[in-house]
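Counting starts at 1 for both ligands and their atoms, in listed order. Along the sequence shown, residues carry numbers from 1.
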Amino acid sequence: MITILNDDFSQLNNFLHEKSFSKIFILVDENTHEYCLPVLLGNMETNLNFEILEIEAGEEMKNIQTANQLWEILTEMQADRKALVINLGGGVITDMGGFVASTYKRGVQFINIPTTLLSMCDASIGGKTGIDLMHYKNMVGTFAFPEQIFIYPKFLETLPFKELRSGFAEMLKHGLIADKAHWESLIQVHKLDVEAVVPHIQTSMDIKQDVVEKDFHERNIRKTLNFGHTIGHSIESLCLSQGNPILHGEAVAMGMICEAHLAYLEDLITQQDADGIIENIQRYYPYLDISDFTDESITALLLNDKKNTDSKINFSLVSGIGSCTYDHQCSQENILKSLDFYRKLNNA
Ligand SMILES: NC(=O)c1ccc[n+]([C@@H]2O[C@H](COP(=O)([O-])OP(=O)(O)OC[C@H]3O[C@@H](n4cnc5c(N)ncnc54)[C@H](O)[C@@H]3O)[C@@H](O)[C@H]2O)c1
Ligand SMILES: O=C(O)C(=O)C[C@@H](O)[C@H](O)[C@H](O)COP(=O)(O)O
Ligand SMILES: [Zn+2]
């Protein structure tokens, strides 16, 4: 269940009163510790004891070493099965905290309080938890629903612009795969800021939730939420492995450009639709330099995508503005052409 919090956090306090948790563990990173934890603690009313678990910020932390440290801390603090983990942060915190909670003692309850646009609209919803493995994205994880998701849009007021723009990419994705009207209202945003995006959060949340309700375990339609991610994740992984991470939404924006062109090459959309998608994404996202990455290095990562079957790369590709296919196998020639298309945009 998703609740938009009032300024007094009463819905969160009611939730804490109604359930009989033994203790609370609040997971934050250094930034959400500074900007969001004081707001939470200033409004949280509970007689339960709580501990703060802090990790460094960034995708580089979303790995087994951090998970292990958190499992060890929970053990040392004698967290029992009635403990509650509160994930207060962006997608790194909700992915990591959900993973740690859903595996510790075979699962303790957790709630998500997302603090980035990306985690409000996407990462905190849907129960995909996980960590990266050898820079491969989200390779180890669980499907585990949070008990509740509490959204407090005012957290966005301290979010850096690049992070806001990163989250906007997942919102654009929601429009492209499922709701043309959402896409069309998003591309009316000329100045990307908190005021402009907040009115659109609910629609994005609804699209994500609706897809997840139909296919929690990603056996079919949930794969559409991966539009832009097949190529996007491979570039995100390569940047991460070079010690030069890019933001998830930046990778998804780049991936959506390649995959929109790929959808055109595969006769799924018209050139006009492909161009419209690409030009609009380019309005918000600067060109991402992929000149360091060879076709071979990108293909090697594509071959390990989680959607693959029988050693075949299965793409989720838009089939119009507001609709999306999945399990679409493309010719190798077209995949490479789509990368080449992106490289040439640098000089266009
Ligand atoms: N599980 C899913 O369904 C799902 C969906 C989309 C993305 N993801 C994952 O989410 C992650 C990206 O999430 P993200 O973009 O939220 O990144 P993030 O968690 O790294 O947060 C981005 C940055 O913003 C800071 N921050 C967070 N809230 C803040 C606030 N209110 N004010 C100031 N600074 C703040 C963080 O400390 C961090 O530096 C990736 O690992 C991606 O794979 C998961
Ligand atoms: O919820 C989903 O399903 C998604 O695919 C949402 C994506 O935006 C998100 O990045 C997710 O973490 C990707 O999952 P993965 O299974 O491709 O790692
Ligand atoms: Zn994503």
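Under 4.0 Å from ligand 1, heavy atoms of T115 appear from its side chain as well as its backbone. Using a 4.0 Å cut-off between heavy atoms, H229 makes no contact with ligand 1 at all. At a 4.0 Å heavy-atom cut-off, ligand 1 touches E59 through the side chain alone. When non-hydrogen atoms are compared, ligand 1 lies under 4.0 Å from the side chain of A57 (C-beta onward) but not from its backbone.
When hydrogens are left out, the protein atom nearest atom 32 (N) of ligand 1 is T158 OG1, 2.7 Å; that is the closest non-hydrogen contact. D122 OD1, 3.6 Å is the protein heavy atom nearest to atom 6 (C) of ligand 2. Taking atom 7 (C) of ligand 1 as the reference point, the nearest protein heavy-atom neighbour is L118 CD2, 3.4 Å.
Nearest-heavy-atom check against atom 17 (O) of ligand 2 across I221, V212, N226 picks out N226. Which of D95, T32, N226 comes nearest to atom 44 (C) of ligand 1 through a heavy atom is settled by distance: it is D95.
At a threshold of 2.8 Å, the Zn ion (ligand 3) has a backbone or side-chain N, O or S atom of E170 nearer than that distance.
Relative ring orientation between H248 and H233 is described as tilted, the plane-to-plane angle lying within the 30° to 60° band. Below 30°, between 30° and 60°, or above 60°: for H200 and H182 the angle between ring planes is between 30° and 60°, a tilted geometry.
Ligand 1 has no atom lying under 4.0 Å from any heavy atom of G89. Contact analysis leaves E157 out of contact with ligand 1, as no non-hydrogen atom separation drops below 4.0 angstrom.
Restricting H248 to its N, O or S atoms, the one at the least distance from the Zn ion (ligand 3) is NE2.
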